[in-house]
Protein chains: 2
Amino acid sequence: MTERATDRFDDWLRARVPARGLRPKAAAVLEVLLSQPRRASYGSAAELAQLAGVNVATVTRTAQALGFAGWPALQQELRARYMSSLSAGQVAAEHSGTGSPSARSLRRDLDSLALLNRRMDEEVLLTIAEAVAAARRTVIVADGSYAAVGLALAHNAGLAGYDVRAVTSGDAELANTVAAIGERDVLIAISFWRLYESTVLAANVARARGARVFAVTDAASPALAEAAEQVVMVPAEGVAFFPSLTAGMAVAQALVTQLAAVDPARTSASIEAAEGMWSKFGLLHRRPSGG
Amino acid sequence: MTERATDRFDDWLRARVPARGLRPKAAAVLEVLLSQPRRASYGSAAELAQLAGVNVATVTRTAQALGFAGWPALQQELRARYMSSLSAGQVAAEHSGTGSPSARSLRRDLDSLALLNRRMDEEVLLTIAEAVAAARRTVIVADGSYAAVGLALAHNAGLAGYDVRAVTSGDAELANTVAAIGERDVLIAISFWRLYESTVLAANVARARGARVFAVTDAASPALAEAAEQVVMVPAEGVAFFPSLTAGMAVAQALVTQLAAVDPARTSASIEAAEGMWSKFGLLHRRPSGG
DNA sequence: GTGAAAGCGCAATAGTCTTTGCATGCAAGT
DNA sequence: ACTTGCATGCAAAGACTATTGCGCTTTCAC
């Protein structure tokens with residue numbers, strides 16, 4: 001299957017990690033390699049270093065630690081693997097558009113979503129959806145711009161009839177909410193690009209309290225992966241300075257869709273109730289059924 | 001099919017050939033570009049020269065003859081074109097309704113994004129970006145689950161150094177904010193599926209007060225289209241009860257990317273300042289750089 | 001057949017990228 | 001508390017890449 005292509009890419013790279021493991025900064029470099037293969041396969045060592053938040057030298061040393069002669073050697077292998085994982089599927093395309101930043105951004109998101117589509121393991125999403133469905137309550141931790149994804153997830157899950165709350169407004173609220181987490185609860189940590197200290201902390205505390213913890217991220221940081229039962233990897237590479245939230249949003253959407261399928265009756269009832277309320281409050285401009 | 005994608009790629013490159021044609025050696029270079037795009041997009045000018053049986057200098061001159069500054073410039077365009085022609089093809093893969101709900105959701109989003117990519121008029125995004133850049137302040141109205149898109153837009157635009165605020169917490173706040181809107185302001189209304197009454201009202205009031213009004217929506221409702229100077233149409237069809245926010249998020253991302261390109265210096269400075277603050281406050285788990 | 005013009009390779013130059021030696025700071029163990 | 005070892009950043013060195021000026025060679029016109 002096509003899905004295996006990217007898996008092979010990941011596995012291949014991970015298999016080269018030496019027995020004694022990787023130092024923190026080297027691990028950071030590896031994360032970037034896995035989460036942004038395109039950029040890594042084209043860019044220079046210096047560019048990669050900046051993305052990983054390390055010095056250029058560390059990139060070279062990481063390449064050597066992975067068993068390559070240096071960065072160019074690693075990059076060459078990377079190119080071959082990544083490209084073949086891309087072209088593994090049917091290649092049919094229609095592509096037009098000029099090089100304006102917005103057009104490039106759209107194209108990039110399309111690429112990322114294609115990558116996500118192939119890489120995504122549905123089993124993981126199913127596991128998370130079932131956990132949320134079974135939970136007493138679900139808390140979503142999402143800081144920075146990722147808050148948007150968390151909010152969307154919480155909103156729609158709520159609509160589907162589940163108690164899902166997004167914590168997005170700072171450490172104080174986060175502390176209070178985490179304090180109330182218990183054994184029958186679920187915590188989902190959403191984090192792209194930069195990992196906030198408080199997110200890791202919240203995940204660890206929740207885990208210690210017996211809650212089930214999941215993570216949605218663009219790079220499997222050891223700190224987060226350790227606390228999480230399952231990690232959903234999402235490409236978040238953007239064309240400008242900002243990581244793209246598009247693929248993350250697609251995952252949120254997929255998760256809610258899966259959640260809605262766990263107990264269709266419950267979801268239908270919940271949505272019907274919500275629609276009733278909308279009408280009652282006169283919120284909508286054009287009504288669902290023209291009423 | 002593959003041939004179609006390649007045709008596009010070929011056409012684009014051939015269209016850049018100057019009127020008076022190419023000299024023999026330059027034609028040889030072009031031939032290699034067309035027949036081995038992968039190698040060309042990764043390799044150096046010297047490698048390409050060897051493949052074409054010409055001198056390195058000829059490669060550079062051919063790039064210039066094709067209207068690029070030099071080989072690196074040509075290569076960059078080549079990469080973008082070639083890569084997207086490859087991966088956009090994944091979109092055409094398997095339209096079947098099989099698979100888990102989450103997998104279907106991802107596929108649907110992928111389709112939507114492909115559609116968006118084809119239909120999107122970059123001119124509109126450019127217009128909006130420039131309006132926001134020129135505005136004293138920008139207000140984003142986004143209720144319900146669309147609030148997520150609005151928040152993402154506001155957050156990233158803020159990071160890029162512009163005063164963009166999302167109003168998402170109800171009619172009271174909306175009323176207050178709209179009351180402060182003036183001639184030099186911009187309002188962006190985001191609305192999918194359901195159109196909230198208050199959104200239409202806000203758009204009309206802002207328009208009446210002389211602000212520039214734009215809309216992002218999945219269906220051009222007359223009420224909103226009337227108030228808006230430009231309407232961005234976004235596919236938002238989901239597989240379950242919920243409209244998908246993925247394509248909307250992609251538009252937000254594209255918009256911010258375009259905005260960041262309006263005044264790169266301003267954006268860079270703003271982001272640098274933000275990064276400095278993150279370090280100062282110790283928010284991040286893995287720091288950008290140990291320095 | 002001769003002169004002019006243009007293509008093209010050679011080689012020098014300027015710039016960039018990778019690697020490595022060295023120093024520093026942190027952490028673990030005595 | 002001191003020492004030792006290791007990870008990491010800094011900076012210099014070395015290698016490579018792209019571009020451009022220069023001159024040779026081919027081609028076409030008269």
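Because the structure is predicted, anything quoted here is derived from the model rather than measured.
Per the geometry, CD belonging to B:Gln50 stands 15 Å off P belonging to D:dC16, to the nearest Å. Across the protein-nucleic acid pair, A:Asn55 atom CG and C:dG25 atom P stand 15 Å apart, rounded to whole Å. Rounded to an integer number of Å, the gap from CD of A:Gln64 to P of C:dT20 is 6 Å. The CH2 atom of A:Trp71 sits 12 Å away from the C1' atom of C:dC17 (whole-angstrom rounding). Atom CZ of A:Phe68 is separated from atom C1' of C:dT19 by 17 Å (rounded to the nearest Å). Distance, A:Gln75 CD to D:dC16 C1': 14 Å, rounded to whole Å. Rounded to whole Å, the distance from OH on B:Tyr42 to P on D:dT17 is 17 Å. Going from atom CZ of A:Arg61 over to atom C1' of D:dC6 covers 11 Å, rounded to whole Å.
The distance from atom OG1 of A:Thr58 to atom CZ of A:Arg61, rounded to the nearest 0.5 Å, is 6.0 Å. For the atom pair B:Thr246 OG1 and A:Leu245 CG, the distance stands at 11.0 Å (nearest 0.5 Å). Within the model, atoms CE of A:Met249 and CG of A:Leu113 stand 12.0 Å from one another, a figure rounded to the nearest 0.5 Å. We find the CZ-CD1 distance between A:Arg207 and A:Ile181 to be 13.0 Å, quoted to the nearest 0.5 Å. Expressed to the nearest 0.5 Å, how far CH2 of A:Trp71 lies from OG1 of A:Thr60 amounts to 9.0 Å.
Across all strands shown, A:Thr58 has heavy atoms under 4.0 Å from sugar-phosphate atoms exclusively, and none from any base. Here A:Ala45 lies in heavy-atom contact (under 4.0 Å) with sugar-phosphate atoms only.
Looking at the side chain of A:Val56, the nearest of the listed nucleotides D:dT17, C:dT20, C:dT18 is C:dT18. The side chain of A:Ser44 lies closest to C:dC17, out of C:dC17, D:dT19, C:dT19.
Between D:dT19 and B:Thr60, a contact under 4.0 Å exists linking OP1 or OP2 to a side-chain N or O.
Remark on DNA chain C: of its neighbouring residues B:Val54 and A:Ala46, the 5'-side contact belongs to B:Val54, judged by nearest-heavy-atom nucleotide.
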